Each structure stands twice: as C-alpha cells, then as structure tokens.
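Every number for a ligand or one of its atoms is a count from 1 in the order of the listing. Throughout, residue positions are numbered sequentially from 1 according to the sequence presented. Quick caveat, the model's predicted, so the values are computed rather than measured.
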Amino acid sequence: MTATPFSATTLGSPRIGPNRELKRAVEKYWAGNLDRAGLESVAAKLRRDTWETLAAAGLDSIPVNTFSYYDQVLDTAVLVGALPSRVTDIDDDLDRYFAAARGNDSTAPLEMTKWFDTNYHYIVPEIGPGTSFELNPAKVLGELEEARALGIPSRPVIVGPITFLALSKAVDGAGAPVDRLADLVVVYGELLKLLAEQGVEWVQIDEPVLVTDILENAAEFTTQTYDHLGGLANRPSIFVATYFGALNGVLPVLARTPVEAIGVDLVAGGGSAVAGEFANKTLVAGVVDGRNIWRTDLAAALGTLETLLGSAAAVAVSTSCSTLHVPYALDAEDGMDPELRSWLAFGLEKVTEVVTLARGLKDGREAISAEVAASNAAIASRRADPRLNNGHVRSRISSINASGSERGPADERRVAQNDRLRLPVLPTTTIGSYPQTSAIRVARADLRTGKIDQAEYERRMRSEIADVIRLQEDLGIDVLVHGEPERNDMVQYFAEQLDGFFATQNGWVQSYGSRCVRPPILYGDVARPNPMTVQWITYARSLTEKPVKGMLTGPVTILAWSFVRDDQPLADTAAQVALAIRDESVDLEAAGIAIIQVDEAALRELLPLRAKEKEAYLRWAVNAFRFATSGVSDATQIHTHLCYSEFGDVIGAIADLDADVTSIEAARSHMEVLDDLNAAGFTNSVGPGVYDIHSPRVPGADEMAASLRDALKSVPAERLWVNPDCGLKTRTTEQVTASLEHLVAAAAKVRAGLS
Ligand code: GLN
Ligand code: ZN
C-alpha cells in the first residue's frame, strides 16, 4: 500500500478516436464488414495512442480501462456480472455486450439515459431479484496488461459501486438497486485484491453520484463502502474521484474513510468544493475544466492549488472530470480564427495545462512564467474582444423586457387561432423532420466536396421539401411541416447562421455508443444577421393550401448542445439566443406562417444536479422560452416539443412555458403523462405521441385509436392533437408512410365517435 504519489493526471479521455476511428470500426463490425480481430486491433491502437499521448504530455499517472466499445456503465455491468438474463445466453461475449447496448432481432436493449447533466448517454443497468454479482475482470486486466507492456504508469479506472447502483434501474419487482450495495462491494473487494496481486499501485473509483441529491443516504453509503474497501488488507491505494459538482457534506464523510486520495471538481463545484482537512490524504484537485473548451486561467488555478497545500498531505493536479466530453485536440481544427483559437483548450491542451500547473505547484510560479503569461494574454484578448459585447443586442433585450412582453391569455389566444386556422378537432401533425433520404445525404456530401454549388444544393433540398409536402397532402395530415432536409442537426443548423457561434469542422464528442456530435462553440454575444429558416418554410407553404408549421430550436436546447461561454450567467446567454429565435419567429409570422414550433428537447437535460438550484434554473429557462415566443401575435399558434415522458422535476415548467400546443413522448408510457400534466395545472393543448418513432415497428390504426381514446379520458377533444413521439428522421420512408397512414385513420375513427 505504499504507492508512489502522483502529481498530474486526468480522470479519463475521449475514446472514439481523433477521426472517429472507433465509430467507423464498430459500425462496420455491426454490419458484418469487419471481423472481431479487425475491430480489436483498431481498439488496441486507439488505446495505445491515447496512453502514449498522455505520457508524452507529462502525466505521471494515466487512466486505464477508460476505453469502451460502447459505454463505461455497461462495461461495469459486465465487470460485476450484472447483465440481464435476456442477454446472458448469448455465447459470444462481444455479441452479448452489443445486444445489451443496442438489442438485436430477438432481444430488447437496455435503456439509455443522460449521464448526469451532460449530453453523454449511458446504458442503464437492470437489477432484478435474480441479479447476482460475480467478478468478470477480463477487460480491466487485459487493458492493464497492454498498458504496462508499454511502460505506462497505469491507474485502472472503474465506476464506483454507489454510482453504479444509483444509476441502475430495478426490474421485475426488485427493491431499490442500492439495497444491494453490500453484495456489490464484496465483488469490488475481490477486484481490488486481484489488482493488488498484479502489483497495481493506484485504482480510481468514480463516484460522481455523490455530488447529486439522487441518493438520500449518500453519506451512509459512502462510509459503508469505503470503510469496507479501505479496510481490506490486500489492495491498491484507492483514489475516489468525484465530479460535476461539489460533495458538500459527503466530503468530510469520505475524508474519514481510509481511502488514500479524493478527487474534487473545483470547476463545477466552485470554491466551496473543498472544505475540511485531508491530513493524510492526497487531494486530486480538478482545476482544469474537463467538459468545456475554454483555456484555463493558469494564474487563478495555481492560486487555488496553493491554498490547498496546507490542508492535504499532497495535492495532485487534474482535469475536473474525464475529457470524454470535449474533442481530442485543437490541431484537428483548421480554419479557426486565431484569436478564438487562443481562447480554447481541447482534450490534449487540457492535459498540457494540468502538467504545467503541477510543475508550477512543485517548482514555483517562476517555473511556469511563460505559460502563465500566455494564458493571461489569451484571457485578456478574450475579455477585450468586441464580439463578446454587442451593445445593440443587449439593449434590445433590456428594452423588450422593460416593455413587458407577454402574450395574451391562453383562452383568448385559442379563440383567435381557431378563427384563423379552422382545423378539425383532433388535428394531425408531425414533429418536424422526415426521413433522411440518401438523396439528402448525397447532396450534403456533394456540397462539402465541392461537387455541387450552393444553388444546386438548395434546388435539391427544395425537391425534398416538395416530396414531403406531397406525401403529407396524400396522407391527409392537417398541419404540414417542410421536413427539415436542410438541417444537419437541430442546433448546429442555427449555430452556423448566428453571430457569436463557431461551428467546428472536427470537434466530435461521443454522445452514445458510436454516435458523435459536434457541439458548436458559443463564444460571444449572439446575433442573427439574416433570417435562418424563412426561405424553406415559405417555399413549403407555397406548395399547399394547408397550414405549414415553421420549425425552430429553443434557446435552452441550443445552449444544452453547445459549448457555452463561461464568462456570464447562462441566463444572460439564453436571453440572447432567445432574442434571435424571437426575431426569426416574427419574420416567419410576417411571411404568413400561422404556426411556429419551438423545440425544447433538452429542457430537462440542463437541470442542475442539486435540488436547491433547480428552481432558479427553471425560472430562467422558462423565461428564455417565453421571450423567444412572445414576439408574435395571439393569432399565431406556438407549439413546443419535448422529447421525453418522465417529467418529474420539470412538469411545472412545462405548464409555465405556456405554449399553445405541446407535443410530448407518450407512445411508450401509455398516456400517464396526461394525468401528470393535468395535475400540474396544464390547460393548453397537448399532443401525446401515439407512434413510437424509436422503433421500426409500424403501429396499427386500431392501436393508435385506442391510445387516443385513452388520452380523451384525461384531455377534452378540443385540446388534443394527434402526432408521433418525435421527429421522423431516423425512420425509413416506408415505415413513416405506413405509420402516418394509420395515424390519420386513427384520428378519423376517433373523431367519428365523438360528435
Ligand atoms: N423538430 C425536430 C425533429 O423533428 C425535433 C427533434 C427532437 O425533438 N429531438 O427532428
Ligand atoms: Zn423529440
């Protein structure tokens, strides 16, 4: 247990590959175009490159076992033998793993949900009455052996038992997963013993759940777990890593257990993240932001580190969390304005900052004076940049707020809109996107490679729109959409057209499994130089007599799926994005569009992890939406769309958004959502999804009619809309055509029974 102390590390790294090599390899493997050996060699090379890069940057302790073919929580379920029985009879371990992650012809996958308040999704382990834990250490031991063969100072990383169970879901009538903590801790103990036998000096156990209010008894669980593991005779030194917030009261509790090191997130947790004494422990200080892309203020970070020196036996420098959430390295990004580039640090640059700070802490400020000077210069340049301060935008926001921009009462709006739109009862509509056809993909690729020019690209997009309008007219849908063919992504599309945003070429981060996203960088004051959607929507409208709904993305969702400036409150940034969306909606209205949908798919995602911060968040989030949607007249109908059915903490906020029509996911949750909405005092119109677009299955008309009749028990017909769960872009045209035909038929049947 006399481990070599370490001074500079990171909690984890991106793993999808600097050029998304892993994504390509697993997708080929799934398609049967790459064999297992081929996939494994891509994976091994990515691991080696990652470790060698971290070692070359100067880290003296390097995380191992942070690679994953899909997800680290699923890896942990495999590690502790907790896969559900529906996959355990699949012989091949990799097929079994991917079946759990994505399902196969005969097996439903495990659920997937957001990893804390990030846009990364993990696989939700299932803990049933029959789940028994059993150590299956092949992955961690294999990766350890690889790393050691390369001479890497390796530190295996595993998701901790408290976090694992807190994020799991009870199935088949089992009690709360965390009731099984004592059983699970035994398996972790066996793993520690095994690692000690291999001569491992340090193990990192991740317990991010300790910074949340998910568990009521977090302190007790902490004591129970880490007194036990810390008390084992034969084990490596234990580093408990926490991130995404402050530990608050759990910190002194953890400090009283026998673990050797505690990691705290001094970025998300702020100054109050560390309070207490760690006389005999190493404090791993997460001072370099692992999940946003801003360059660290080295002088300030060093100051923070110096204040910690007195309270712990040793201070090591680290990123605040795994850099899984940021792109690999800045050098993959050409064409970026050099000024902006100088303000940024991606994964590799963050590791370099960690090493610099560790050197400064050890050898004194003088030793890193050049780096501190460069950091100061970048910060000064960022602060002084005129793009961060657009007086016109700021004064417009204040004056709109001062003049009190609120829409009229909901019932008056309803009358005005009914007059204008003359829709049938139970109107049918869709959520926005139609299938991404190969013609769309080809057109985008051709534009990128210069094979076609912008005019030809736009011509092809118009032809897609014409197809989608014709399809909807043929189907007899009441409120049409243009289908969103021109949008690569519902956030990036807007970011590319707004001032204050930079859309990266190669800044990919893993969202789930093989799926990656490129969050735009919101660095300055946001302004809208030109209309962004009007030409497409008005073109669609020119093709039909039916109302066409204009589609916009809401301010909160745009923030949630971007890297956002950290120099002002999120609420202020949200207001600027809201102004741009408001201006766009006013332009759409002026162009004759009578219905505008503002999607807030990510409203729940930005919800703070701590209960006491939720109310303030919801207040500004709702304000931003209302600001964005109150520029239009009462006769223009505002829709919103939310992508989930478990509202929990945000249900009151959904009512407060005060959209005229809200579409929500419900096909899988059998309409319970309507009662929840009623209970929250929601009285506007609602479209609970009756077609589950997450599945290739085509639901029948009777089935959807039954859902609608169910819905009518909770919502009067005048307030009920008929629509799918979400956008149709991931489905095929055949599936969508058949399903929507049934949807329209279902609405007709139920209408006929109303009279
Ligand atoms: N309008 C978007 C679409 O239909 C909404 C997507 C979403 O909710 N994630 O694709
Ligand atoms: Zn959705």
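- The residues E111 and K169 are annotated as salt-bridged, a charged nitrogen and a carboxylate oxygen being separated by less than 4.0 angstrom.
- The nearest protein atom to atom 7 (C) of ligand 1, hydrogens excluded, is given as C643 SG, 3.5 Å; this is a heavy-atom distance.
- Side-chain contact annotation: N723 with T429, donor-acceptor N/O pair under 3.5 Å absent.
- For atom 5 (C) of ligand 1, the closest heavy atom belonging to the protein is D599 OD2, 3.4 Å.
- Among protein heavy atoms, the minimum distance from atom 3 (C) of ligand 1 is reached at S433 OG, 3.4 Å.
- Rounding to the nearest 0.5 angstrom, the gap separating the CG atom in L423 from the CG atom in N418 is 7.5 Å.
- Near H641, with a cut-off below 4.0 Å to any heavy atom, the atoms of ligand 1 are 8 (O).
- Between R413 and I638, the closest side-chain pair of non-hydrogen atoms is not below 4.5 Å.
- For ligand 1, the polar-atom distance check finds an N/O of E484 within less than 3.5 Å of one of the ligand's N/O atoms.
- With respect to atom 6 (C) of ligand 1, the closest heavy atom belonging to the protein is M490 SD, 3.5 Å.
- Using a 4.0 Å cut-off between a side-chain N of Lys or Arg and a carboxylate O of Asp or Glu, D117 and K114 do not qualify as a salt bridge.
- Heavy atoms of K729 stay at 4.0 angstrom or farther from ligand 1.
- Between the side chains of Y539 and E458, no donor N or O sits under 3.5 Å from an acceptor N or O.
- Cation-pi contact between R291 and F244: present, with separation from the ring centre below 6.0 Å and deviation from the ring axis of at most 45°.
- Those atoms of ligand 1 with a heavy atom of G727 less than 4.0 angstrom away are 3 (C), 4 (O), 10 (O).
- Residue-to-ligand polar distances place I431 within reach of ligand 1: an N/O pair is separated by less than 3.5 Å.
- Each of the following atoms of ligand 1 lies closer than 4.0 Å to a heavy atom of M551: 1 (N).
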